Colleague: 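Take this structure first; my questions come after.
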Amino acid sequence: MRIAIIHDWLVTYAGAEKVLEEILNIYPEADIYSLVDFLDEGKRDFIKNKKVNTTFIQKLPFAKKKYRNYLLLMPLAIEQLDLSKYDVIISSSHAVAKGVITGPDQLHISYVHSPIRYAWDLQHQYLIESGLDKGIKGFITRYILHKIRNWDYRTANGVDYFLSNSNFIGRRIKKVYRRSSKTIYPPVDVSSFTLNENKEDFYLTASRMVPYKKIDIIVEAFSKMPEKKLVVIGDGPDFEKIKTKAGANVKILGYQNFDSLIDYMQRARAFVFAAEEDFGITPVEAQACGTPVIAYGKGGSKETVRNLRDMDRPTGLFFYEQTASSIIEAIKEFELNSYKISPIDCRSNACNFSPQIFRDELKNFIESKLYPSNECIESQKNKAQIEVSQ
């Protein structure tokens, strides 16, 4: 069985790359294709130091740092990859990877982290945050995104089965492509985040400081509650802006190494998360430490956090507006009811998103499509067993 894995671009090791790593753990013999590969020599272990087949964008001027500027060329580039010798194509896509060309006798399964966010429902937010909502540059960008949308919708027909990284993304796939999908949650390395039941009197948030993460409103909320302590971990373009909003009770640490992040997660009274994420790994990591999560009740968080208000064995609490006042009310409610949340329940919930579960579910799904007759046999056996028992 010849297998190819298509990844949008290889420049760092983040959430999408962790998915790629686990797919390779299932199919270590698979070949890898990507628009570009600019991984450093010492950071290629997660792809098993494999050679990556790239597109012509790899050799374009300034591509190493400005590859995103070639967005308009990406559909053309991904279509030039010759995958005709493979039986199975697995695309891991948040941009254009799903658009590879495949034949009628090839099985193409696309694991979608999200349809291209900045081309679909988040276009207006992207244009405003990038300063491209006005003027000639804004007009050109809107036209490019229009062309990308047309191509993205058309190429959905080349996918045999869609997998989504959350039910939230599944609904986005249905809205954009008019296709159904199966949710297989991405792998979270819960084994690296150990349980600590002894909590201290401070709250934690940790994220890259970019606008959609909404770290500023968390800092604003706690600055209005001077009797409560907040620790902020992370760096990014909004760092200085956020720092100016911080009161004396807010400690902004900037970037911290992995061990330091885990230490704060283990000791925090609760983890505060205000972003609307497709899935959201950090809330799961916090729960793996036994730490409750106070999260914005939209997006992937609704699937990874068990709400205090309406679920048994709760692991956190939702607020429903991305405002400082909504966070303040959630903190008050949490402190009145935090005794109902067990660190052990938090840890148990996080373990539902382990790499092993991801590997098992993905492999079972792919094999059920490769060997549907086996699935039918198993179904008939189960039916027969039920009839005998009756």
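All values reported here derive from a predicted model rather than from experimental measurement. Residue numbers count from 1 along this sequence.
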Colleague: Taking Met311's backbone N and O only, do any of them form a donor-acceptor pair with Arg306's side chain (distance below 3.5 Å, no angle check)?
Modeller: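 Side chain of Arg306 to backbone of Met311, a donor-acceptor pair under 3.5 Å: no, none is there.
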Colleague: What class does the angle between the rings of Tyr143 and His146 fall in, given that below 30° is parallel, 30 to 60° is tilted and above 60° is perpendicular?
Modeller: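 Because their plane-to-plane angle lies in the 30° to 60° range, the rings of Tyr143 and His146 count as tilted.
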Colleague: Under the 3.5 angstrom rule, does the side chain of Arg179 hit a backbone N or O of Ala156 as a donor-acceptor pair?
Modeller: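 Yes.
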Colleague: Evaluate the criterion side-chain contact (heavy atoms from CB on, under 4.5 Å) for residue pair Arg269 and Ser338; output intermediate values, then yes/no.
Modeller: CA-CA 9 Å; Arg269 185 172 184 180; Ser338 61; 4.1 Å; yes
Colleague: Any cation-pi pair here, Arg267 with Tyr264, using under 6.0 Å and within 45°?
Modeller: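 That pair qualifies as a cation-pi contact.
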Colleague: I want to check something: taking the side chain as every heavy atom from C-beta on, are Trp120 and Arg149 in contact at a cut-off of under 4.5 Å?
Modeller: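 A side-chain contact exists here, since the closest heavy-atom pair is under 4.5 Å.
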Colleague: Is the ring centre of Tyr203 less than 6.0 Å from the ring centre of Phe222?
Modeller: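 Centroid distance Tyr203-Phe222: below 6.0 Å, so yes.
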Colleague: Could you tell me how the ring of Phe46 sits relative to the ring of Tyr13: parallel (under 30°), tilted (30 to 60°) or perpendicular (over 60°)?
Modeller: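 Correct class here is tilted.
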Colleague: Compile the donor-acceptor pairs under 3.5 Å between side chains in residues 224-242 and protein atoms, sequence neighbours left out, one pair per line.
Modeller:
residue, atom, partner, partner atom, Å
Lys224, NZ, Glu220, OE2, 3.4
Lys228, NZ, Glu335, OE1, 2.9
Lys228, NZ, Glu335, OE2, 3.3

Colleague: Kindly assign one of parallel, tilted or perpendicular to the pair Tyr86 and Tyr33, based on the angle between their ring planes and the thresholds 30° and 60°.
Modeller: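 Perpendicular: the ring planes of Tyr86 and Tyr33 meet at over 60°.
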Colleague: Donor-acceptor pair, distance only, cut-off 3.5 Å: does the side chain of Ser326 make one with the backbone of Gln322?
Modeller: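 Side chain of Ser326 to backbone of Gln322: no pair is present.
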Colleague: Picking from Lys51, Lys50, His7, Arg44, what satisfies side chain to side chain donor-acceptor pair (under 3.5 Å) with Asp37?
Modeller: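 Going through Lys51, Lys50, His7, Arg44 one by one, the side chain to side chain donor-acceptor pair (under 3.5 Å) with Asp37 is satisfied by Arg44 alone.
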Colleague: Kindly state whether the ring of Trp9 and the ring of His94 have centres lying under 6.0 angstrom apart.
Modeller: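 Ring-ring flag for Trp9/His94: true, centres closer than 6.0 Å.
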Colleague: Establish, yes or no, whether a centroid distance under 6.0 Å links the rings of Phe358 and Phe353.
Modeller: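 Not under 6.0 Å, so no.
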Colleague: Salt-bridge test for Arg309 and Glu333: reply yes if a basic N is under 4.0 Å from a carboxylate O, no otherwise.
Modeller: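 Answer for the salt bridge query: yes.
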Colleague: Between Arg142 and Asp133 (side chain of the first, backbone of the second, donor and acceptor by atom type, cut-off under 3.5 Å), is there such a pair?
Modeller: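 Checking the backbone N and O of Asp133 against the side chain of Arg142, a donor-acceptor pair under 3.5 Å is found.
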Colleague: Is there a donor-acceptor pair under 3.5 Å between the side chain of Ser34 and the backbone N or O of Val36?
Modeller: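 Here the side-chain-to-backbone pair exists.
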Colleague: For residues Phe162 and Tyr177, establish whether the separation of their ring centroids is below 6.0 Å.
Modeller: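 Yes, the ring of Phe162 comes within the 6.0 Å limit of the ring of Tyr177, centre to centre.
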Colleague: Does the Asn165 side chain pair with the main chain of Tyr185, one donor and one acceptor, at a distance under 3.5 Å?
Modeller: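 Pair absent, no side-chain N/O of Asn165 close to backbone of Tyr185.
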Colleague: For Leu83, which of Asp31, Val88, Ile89 qualifies under side-chain contact (heavy atoms from CB on, under 4.5 Å)?
Modeller: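 Exactly one candidate clears the test, Ile89.
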Colleague: Side-chain atoms of residues 280-287: list all donor-acceptor pairs with protein atoms under 3.5 Å, sequence neighbours left out, distances to 0.1 Å.
Modeller:
residue, atom, partner, partner atom, Å
Gln287, OE1, Thr315, OG1, 2.9
Gln287, OE1, Asn349, ND2, 2.8
Gln287, NE2, Pro283, O, 3.1
Gln287, NE2, Thr304, O, 3.0

Colleague: Going through the distances and angles, do Leu163 and Val112 end up as a side-chain contact (heavy atoms from CB on, under 4.5 Å)?
Modeller: CA-CA 6 Å; Leu163 297 172; Val112 177; over 6 Å; no
Colleague: On a heavy-atom basis, which atom in Pro343 and which in Asn196 lie closest, and how many Å separate them?
Modeller: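 In terms of heavy atoms, the two residues are closest at CB-O, 4.5 Å.
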